[in-house]
Amino acid sequence: MNDMAKIKRDPRDVAIAEAILNAYKPKNVEEMNQAINSVFGPMFEAMLKGEMDNHLGYDSNDKGPKKDSNRRNGYGKKTLKTTRGEVEIEVPRDRDGTFEPIVVPKRQKDVSGIEDKVLAMYARGMSQRDIASTVEEIYGFKISHDMISDITDSILNELNEWRSRPLSKCYAFAFVDCMYVTLRSDYETKECAVYVILGYDLSGKKEILGIWLSETESKNYWMQIFDELKSRGVEDIFFISMDGVSGLESGARAIFPQVVVQRCIVHLIRNSIKYVPAKDYKKFTQSLKKVYGAANLKASKVAFEAFCNEWKQYPGAVEVWKRSFSHVEQLFDYGSDVRRLMYTTNAIEAINSSFRKVTKKGAFPNENALFKLLYLRTKELESKWSKGHIQNWSMVLNQLMVNDKFAGRIQKYINL
């Protein structure tokens with residue numbers, strides 16, 4: 001699914017890309033990288049030449065009077081290390097030896113570190129202004145907003161590959177949540193929903209399956225998302241935990257008919273206490289815990305009947321639970337360790353909380369700027385997750401394997 005509008009390209013970028021393609025005629029990604037690498041040298045040299053012109057106060061073709069006796073004095077060779085390999089460049093020299101280049105300072109040969117640090121700062125939500133100030137403070141030279149944009153744009157291909165990458169065949173759990181961001185469009189701003197899906201595969205590994213941007217919610221929209229997951233290799237999802245997202249349940253079942261869709265109990269609590277005075281919050285939530293935290297379904301039904309009678313003076317709050325009690329009932333079809341995972345979306349909310357920390361800086365100029373930032377943040381999160389698995393995962397898997405709904409489906413995807 002392509003849920004983004006057509007990207008508006010700067011005509012200058014298109015012209016440069018066409019020139020590279022026409023000159024080098026790359027046949028694959030490797031040759032394309034080599035072509036881009038070949039362009040780096042002339043780019044650095046052109047920037048250095050511009051710096052020398054500014055330092056001397058005239059360009060190389062200027063035949064008029066000069067402000068002093070300092071002149072150009074040939075070139076020195078220098079090999080730079082970039083993220084795409086080594087690039088040899090010619091650095092202009094002056095007679096007085098007073099030229100101090102900024103873009104590639106003297107004695108500096110590795111410029112890849114600066115690229116990595118700019119990406120890291122961008123991933124933490126720093127603005128271009130803040131990044132430029134930090135680089136100048138640490139490295140002693142200025143970096144333009146255009147250069148920062150170019151550096152962060154270098155991950156766009158990687159981002160697009162990540163968004164369409166193949167996924168595991170089976171996910172035991174998927175968690176869905178959304179957050180809202182502001183995008184600028186010409187002179188207007190608009191609020192858009194960013195949907196994130198977190199998956200737990202059969203080995204207990206956490207993975208963000210994808211990030212989608214939408215202005216509206218609907219059954220068809222969610223069908224497209226889950227159909228995209230299927231096209232990327234997902235054959236089965238056992239549970240989806242969500243916060244009553246419009247159209248999600250029917251959209252998911254249209255693609256994965258056997259999936260169990262679970263309303264988040266924590267969100268139901270939040271929705272119901274809106275109808276309860278603050279003085280009764282604690283007692284109200286304690287009564288509720290006896291319902292969803294009961295040892296078995298029979299005990300849960302008894303506790304629910306008592307809850308409805310105890311809090312009938314707040315019919316709005318009670319009605320929230322009456323409408324959704326089927327989501328409490330289905331919890332007791334599974335073992336306690338499975339229930340602990342499926343009854344709340346806390347795991348995905350923690351991800352969106354991390355995303356909000358880096359998106360709170362204001363409106364984004366376009367969708368690419370937003371996706372770049374969220375992708376870099378995702379890489380940081382998944383790097384931390386790679387060091388461990390879900391707590392008590394072996395117990396979760398065992399409880400699923402003794403359940404008739406899942407035993408055969410699990411055997412299909414793991415070697416017993």
Given salt bridge (Lys or Arg N to Asp or Glu O under 4.0 Å), test Asp280 with Lys283 step by step and report yes or no. CA-CA 6 Å; Asp280 287 334; Lys283 191 176 178 182; over 6 Å; no
Would Glu207 and Arg165 count as a salt bridge (Lys or Arg N to Asp or Glu O under 4.0 Å) if you check the C-alpha gap in whole Å, the side-chain angles of each, and the deciding distance to 0.1 Å? CA-CA 12 Å; Glu207 179 184 3; Arg165 75 196 187 283; 3.0 Å; yes
Evaluation steps, salt bridge (Lys or Arg N to Asp or Glu O under 4.0 Å), between Glu228 and Arg232: CA-CA 6 Å; Glu228 176 189 319; Arg232 289 166 59 193; 3.2 Å; yes
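Aromatic ring pairs are classed by plane angle as parallel below 30°, tilted from 30° to 60° and perpendicular above 60°; the pair Phe239 and Tyr334 is perpendicular. A tilted orientation is assigned to the rings of Trp162 and Tyr375, their planes being inclined by 30° to 60°. By the 30° and 60° cut-offs, the orientation of the rings of Phe325 relative to Phe304 is parallel.
With hydrogens and angles ignored, the 3.5 Å screen pairs no side-chain donor or acceptor of Ser353 with any backbone N or O of Glu349. Using modelled atom types, no side-chain atom of Glu235 and backbone atom of Cys170 make a donor-acceptor pair closer than 3.5 Å.
One distance of note links CZ of Arg377 with CD1 of Ile211; it measures 12.0 Å at 0.5 Å rounding.
Evaluation of the salt bridge (charged side-chain N to carboxylate O under 4.0 Å, His left out) rule for Lys379 yields Glu158 as partners, not counting sequence neighbours.
Between Arg253 and Glu249, at least one side-chain N (NZ, or NE/NH1/NH2) sits under 4.0 Å from a carboxylate O, which counts as a salt bridge.
Annotation: side chain of Ile351 is in contact with side chain of Ile348 (closest heavy-atom distance under 4.5 Å). Counting heavy atoms from C-beta outward, Trp385 and Ile208 have side chains that approach closer than 4.5 Å.
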